[in-house]
Amino acid sequence: QVQLVESGGGLVQPGGSLRLSCAASGSIVSINTMGWYRQTPGKERDLVARVSSDGSTNYADSAKDRFTVSRDNAKNTVYLQMNNLKPEDTTVYYCNAHVRTRYAGPYYVFWGQGTQVTVSS
């Protein structure tokens, strides 16, 4: 099995910064895309940013110019640097990873448990 463990959430004032981390461990042969999503109660889980194994990235419009997604392949870890945070960024953030757990097998999607980000003065 594969586990994703997130860290780095918390309380920050508007305009502040946070860096989220998500480390994958377990039966990992390779990881394709890793990314961050967020979900407000009662709404769907939406993409924030993702990074492919080749380093290409995608961002939600709300994250462009403020957030940066990156990964360390040697550590199976994805990061989300969030700058100029706004109150509307307040919610739970989830990481996910597309993981191959056996050679030549399919990629499965795994999720972290979520980390709360609160932007408030």
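Start at 1 with the first residue, then count along the sequence.
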Any residue meeting salt bridge (charged side-chain N to carboxylate O under 4.0 Å, His left out) with Lys64, in chain and number order, not counting sequence neighbours: Asp61
side-chain hydrogen bond (donor to acceptor under 3.5 Å, both in side chains) partners of Thr101, counting only residues at least two apart: none
Identify each donor-acceptor pair in which a side-chain atom of residues 109-121 lies under 3.5 Å from a protein atom, sequence neighbours left out, and give them as a table.
unit_1	atom_1	unit_2	atom_2	d
Thr115	OG1	Gly9	N	3.4
Gln116	NE2	Thr91	O	3.4
Gln116	NE2	Thr118	OG1	3.4

Summary of ring-ring contact (aromatic ring centres under 6.0 Å, His included) pairs that have at least one residue in residues 6-33, sequence neighbours excluded: none
Partners passing side chain to side chain contact (heavy atoms under 4.5 Å, CB included) against Ile28 (at least two apart in sequence or in another chain): Val2, Ala24, Ile31, Asn76, Val99
Partners meeting salt bridge (charged side-chain N to carboxylate O under 4.0 Å, His left out) with Arg66 (sequence neighbours left out): Asp89
Of all pairs that satisfy ring-ring contact (aromatic ring centres under 6.0 Å, His included), the ones with a partner from residues 40-73, not counting sequence neighbours: none
All pairs passing salt bridge (charged side-chain N to carboxylate O under 4.0 Å, His left out) where residues 67-83 contributes a residue, at least two apart: none
Between Tyr107 and Ser30, a side-chain donor and acceptor under 3.5 Å: yes
Partner set under side chain to side chain contact (heavy atoms under 4.5 Å, CB included) for Pro106, not counting sequence neighbours: Arg102, Tyr108
ILVMFWY cluster membership beyond Tyr103 - transitive side-chain contacts under 4.5 angstrom: Val29
Leu11: hydrophobic cluster co-members (side-chain, 4.5 Å): none
Partner residues of Asn83 under the side chain to side chain contact (heavy atoms under 4.5 Å, CB included) criterion, sequence neighbours left out: Ser17, Gln81
